[in-house]
Number of protein chains: 2
Amino acid sequence: MQFSPHLADRPNLSDSLADAVRTMIVDGRLAAGARVNEVHLAAALKVSRTPLREALSRLTAEGALQAVPRRGYFVAPLTASELEQLYDLRPLLDPEALRLAGVPGPGRLQTLDAINARLARESTPEKIVALDDVWHLELIAGCPNRVLVEMIEQIMRRTRRYELALMREAPPAEKAVDHHAAVTAALRSGDLDGACAALKANLTHGREPLLAWLRDRERRRA
Amino acid sequence: MQFSPHLADRPNLSDSLADAVRTMIVDGRLAAGARVNEVHLAAALKVSRTPLREALSRLTAEGALQAVPRRGYFVAPLTASELEQLYDLRPLLDPEALRLAGVPGPGRLQTLDAINARLARESTPEKIVALDDVWHLELIAGCPNRVLVEMIEQIMRRTRRYELALMREAPPAEKAVDHHAAVTAALRSGDLDGACAALKANLTHGREPLLAWLRDRERRRA
DNA sequence: CGGCTGTGAATTGTATACAGTATGCAATTT
DNA sequence: AAATTGCATACTGTATACAATTCACAGCCG
């Protein structure tokens with residue numbers, strides 16, 4: 001065969017750096033609002049500034065960083081307002097993706113339950129958040145509109161550090177396990193509309209505790 | 001005053017280049033599917049490769065380019081499938097944004113009609129597409145969910161070169177002027193639901209001619 | 001004649017060097 | 001003592017240089 005198109009090609013440094021820095025931001029090693037010093041960061045990662053800057057450039061497009069022309073890159077601050085806007089979009093996008101995907105086959109339903117079971121046992125914030133996202137992506141894996149799925153992934157990336165920041169300070173609140181079970185139950189009985197409604201409820205919930213915490217934190221700093 | 005925060009600061013080269021290259025892609029000077037030669041392009045734009053690569057990196061995140069690790073950047077091809085997916089999202093997102101924005105004040109309604117009037121007189125593809133986008137953005141300018149508005153803008157940028165490519169080959173089909181008028185009419189009578197429905201109809205229409213043209217083009221090349 | 005292999009040019013990836021701008025501190029003035 | 005100016009330093013923006021990889025084509029072998 002002539003092409004194995006964009007298949008698992010080993011990434012270049014810039015790509016790897018984007019992942020590395022994104023991780024540093026998500027898990028707090030680069031604090032929200034902090035200024036990014038290119039020289040220090042490049043030295044710490046043992047690379048030159050050129051590929052690092054390409055990575056920072058991409059992260060800016062993703063919304064994880066903000067660029068101010070002659071002052072440099074800053075880690076985007078955590079604001080209640082942004083989180084609220086992000087959270088409001090999921091109940092709009094996810095049910096539509098599920099509707100387009102249709103009722104999953106039995107294999108996928110089994111996978112979903114397996115993920116949910118692991119989610120119930122997990123206790124570290126990182127694992128919980130990651131597994132929850134995996135579950136939601138698996139749910140809509142059959143959605144033919146890949147652009148829609150990409151948008152949902154984009155929102156996941158942007159909300160992840162909010163969720164981790166909360167879970168580190170406050171103990172992990174109630175988990176979404178039961179909501180997830182309600183969705184798969186509806187799907188098993190072939191009730192797509194019911195599943196979409198349950199999914200919407202899942203996404204609408206869990207919103208309030210996070211927002212309350214953030215608003216409180218903003219008040220305290222003002 | 002100490003700060004005029006990120007206000008209209010003169011952009012750096014990378015930013016300007018991103019705009020320049022995006023324009024080249026949108027209006028076809030960089031053909032869909034073409035490989036981007038960094039050396040040639042940098043020479044043509046009279047800059048060095050470093051800021052150009054940062055710009056290309058960002059355009060990749062926007063979906064205008066695709067990066068293949070050791071082979072370089074390629075202009076993303078025009079596919080009926082992607083366009084279909086993009087067009088399917090607007091009827092989902094725009095009405096929601098309008099609902100959140102609420103009925104606009106009389107000033108904004110007047111602005112909308114003015115834009116629509118100019119749209120009716122315009123005849124060049126570039127102007128028509130640009131004004132149509134301006135109208136839709138003005139319609140939802142009051143939407144408090146800025147992330148949602150950004151997503152709509154993102155879709156506009158990605159669909160623009162499809163629309164221009166079509167309009168250059170085929171003469172501009174029917175315009176959306178009447179649909180727009182229906183939306184503002186509903187809004188003037190305070191009927192938000194009706195306006196959302198009319199908007200949805202506007203966005204669902206105009207889809208078919210473009211898709212038909214693209215599919216035909218793809219068949220001819222196969 | 002078709003497919004393989006090696007070699008040189010072209011192209012991308014990364015590092016380094018240099019120039020322009022911002023930032024913080026100290027000296028100076030009011 | 002507060003404000004302001006000037007200067008040294010640190011940092012970002014851009015260019016250039018070098019290394020590593022890919023690509024195209026010629027020649028060779030089956």
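Proteins get letters first, then strands, A, B, ... in listed order; numbering begins at 1 in each.
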Problem set entry | R49(B) CZ - dA17(D) P separation (whole Å) | 13 Å
Exercise. Reckon H40(A) has a side-chain N or O less than 4.0 Å from the OP1 or OP2 of dC11(D)?
Worked result: yes
Exercise. Taking N and O atoms by type only, does the side chain of R71(A) place a donor or acceptor under 3.5 Å from a partner on the base of dG13(D)?
Worked result: no
Exercise. What's the CG-P distance between D15(A) and dT12(C), to the nearest Å?
Worked result: 15 Å
For this session: Quickly work out the E54(A) CD to dA15(D) P distance and round it to whole Å.
Result: 15 Å
For this session: Write down the distance between CZ (R70(B)) and C1' (dT22(D)), rounded to a whole number of angstrom.
Result: 10 Å
Exercise. So H180(A) and H136(A), would you call those rings parallel, tilted or perpendicular, with 30° and 60° as cut-offs?
Worked result: perpendicular
Exercise. Taking atom C1' of dA24(D) as reference, at what distance in whole Å does atom CZ of R35(B) sit?
Worked result: 12 Å
Problem set entry | Test: R217(A) cationic atom under 6.0 Å from W213(A) six-membered ring centre, within 45° of axis | yes
Exercise. Is there a donor and acceptor pair closer than 3.5 Å between the side chain of S14(A) and the base of dT14(C)?
Worked result: no
For this session: Round to a whole Å and report the spacing from CZ of R53(B) to C1' of dT11(C).
Result: 10 Å
For this session: Report the distance from atom CG of L52(B) to atom P of dT14(D), rounded to the nearest whole Å.
Result: 12 Å
